[in-house]
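Just below is one structure, and these are the notes that go with it.
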Amino acid sequence: MEALSHRERIAKILVGEKPDRFAASFWRHFFHLESTAEGLAEAMVGFQRQFDWDFMKINPRADYHIEDWGFTHEFSSDEFTKHRKTYFPIQSVDDWEKIQPLSMTSPSLAEHLKAISLIRKQVGPDLPILMTVFTPLAIAGRMLSDKRMLAEHLREHPEKVIPALRAITATYREFASEVRNAGADGLFYATTAWASEDMLTWEEYVRFGLPYDLEVVGGTGADALNLFHVCASSNYLKRLAGYNYHAAMYNWDDADPTNPTIDQGIGLLHGKAIVGGVDYRGWLTRCDASEVGYLIDKLKNQSDPSKLIIGPGCAIDPATPAANLKAIRERL
């Protein structure tokens with residue numbers, strides 16, 4: 001088969017056709033570069049040029065979601081060190097009333113829309129680009145010094161938190177639309193720890209998570225290329241598979257024994273592409289490049305390239321050896 005472009009390869013997989021080779025994508029933080037639109041674009045484009053992945057998951061600083069609501073941090077100048085959090089906007093349950101919808105000209109949101117535009121201009125039209133957006137629950141949880149306090153507030157004072165969730169949802173539904181206008185194909189939509197029985201019961205997620213999720217992803221439009229990332233251990237993937245997240249691709253930590261395997265996921269997500277298969281916290285970081293190549297060959301022999309896009313279960317450790325990523329790319 002003649003070599004396909006990245007966009008053509010992903011398009012074939014999404015309609016269940018065998019591509020010319022296995023597709024793959026990996027993503028990571030570049031803490032020392034992600035404090036500006038220009039730096040984030042430089043980091044993402046540089047990583048793409050180094051490894052030539054089949055789609056780009058833009059990996060912004062995780063707290064960009066809440067900076068315009070008053071969160072502050074000191075930016076790291078070290079590639080491998082996270083930013084230091086300095087202020088959280090929710091200090092007491094009454095502070096939730098301060099959370100109102102944001103304009104798309106708010107500094108952090110505008111900065112990230114600019115980054116998407118810069119990236120698109122540099123990589124051209126043939127690379128699918130996904131912008132990372134968290135569930136409104138996760139965005140709310142990051143506003144507290146201890147995210148588990150959000151679960152307490154939801155259970156004890158839902159009337160105070162729900163209006164804030166609605167404001168967050170309205171903001172990020174509009175942002176999801178603007179992401180498309182800036183040049184992204186859709187969202188990498190992440191539940192982080194919240195769609196997990198370790199954080200909320202399923203009934204609580206149905207009440208406080210699901211309706212807001214569906215509203216945000218609906219903002220991307222019917223033709224969006226969205227990836228739904230169900231994070232953490234003991235996740236609710238099996239239950240969430242029955243809802244329309246407007247997602248063509250699904251991703252979770254399939255190496256975690258509390259979560260579904262790749263084969264189980266394929267059975268659950270009829271006709272959807274799966275992104276995964278790589279133990280990103282295990283052998284990817286601990287093996288040498290020759291072992292990684294062997295494990296990728298084994299994964300390919302067991303998998304269907306029209307169903308599986310090779311990738312990690314979450315963002316990889318920034319210290320992951322480049323030789324191991326190169327070994328993956330060379331085996332595709």
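For reference, positions follow the sequence shown, starting with 1. If you're wondering where the values come from, they're calculated on a predicted model, not measured in any experiment.
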Evaluate the side-chain hydrogen bond (donor to acceptor under 3.5 Å, both in side chains) criterion for residues D213 and Y189: first the C-alpha distance (whole Å), next the side-chain angles of each, then the deciding distance (0.1 Å), finally the verdict. CA-CA 9 Å; D213 290 345; Y189 188 79; 2.7 Å; yes
Set of side-chain contact (heavy atoms from CB on, under 4.5 Å) partners for [X], sequence neighbours left out:
| X | result |
| --- | --- |
| P158 | I162, R207, F208 |
| D297 | R331 |
| T169 | P136, Y212, E215, V216 |
| Q302 | K298 |

Sequence neighbours excluded, every pair satisfying side-chain hydrogen bond (donor to acceptor under 3.5 Å, both in side chains) that has a member inside residues 313-330: D52-R329
Whether the T72 and T86 side chains hold a donor-acceptor pair (N or O, under 3.5 Å, no angle test) is what I'd like checked. yes
Under 3.5 Å, side-chain donor or acceptor atoms of residues 274-283 against the rest of the protein: list the pairs with distances, not counting sequence neighbours.
unit_1 : atom_1 : unit_2 : atom_2 : d
D279   : OD1    : G282   : N      : 3.0
R281   : NH2    : D253   : OD2    : 2.7

Would you say L227 ends up clustered with M131 if hydrophobic residues are merged whenever their side chains have heavy atoms under 4.5 Å apart, either directly or through other cluster members? no
Taking ring pair (Phe, Tyr, Trp, His ring centres under 6.0 Å) as the test, write out the residues that go with [X], two or more places apart.
| X | value |
| --- | --- |
| Y236 | W202 |
| F26 | W53 |
| H73 | F71, F75, H83 |

Between F188 and K57, is there a cation-pi geometry (under 6.0 Å to ring centre, at most 45° from the normal)? yes
Residues at least two apart in sequence or cross-chain that pass side chain to side chain donor-acceptor pair (under 3.5 Å) with S92, listed by chain then number, are none
Residue pairs passing the salt bridge (Lys or Arg N to Asp or Glu O under 4.0 Å) test with at least one member in residues 175-202, sequence neighbours excluded, are R7-D185, R120-D185, R180-D223
Counting heavy atoms not belonging to K238, are there more than 12 under 6.0 Å from its NZ? no
Atom NZ of K300: over 12 foreign heavy atoms under 6.0 Å: yes
I'd like to check the salt bridge (Lys or Arg N to Asp or Glu O under 4.0 Å) partners of R28; sequence neighbours left out, ordered by chain and number. E79
Does this structure show an ion pair linking R155 with E204, if we count only N-O contacts that are shorter than 4.0 Å? yes
If the threshold is 4.0 Å, N to carboxylate O, is there a salt bridge linking K82 and D63? no
I need the K98 NZ to M143 CE distance, nearest 0.5 Å. 12.0 Å
Output, in order, the C-alpha distance, side-chain angles, deciding distance and verdict of side-chain hydrogen bond (donor to acceptor under 3.5 Å, both in side chains) for T261 and D263. CA-CA 5 Å; T261 64; D263 288 342; 5.4 Å; no
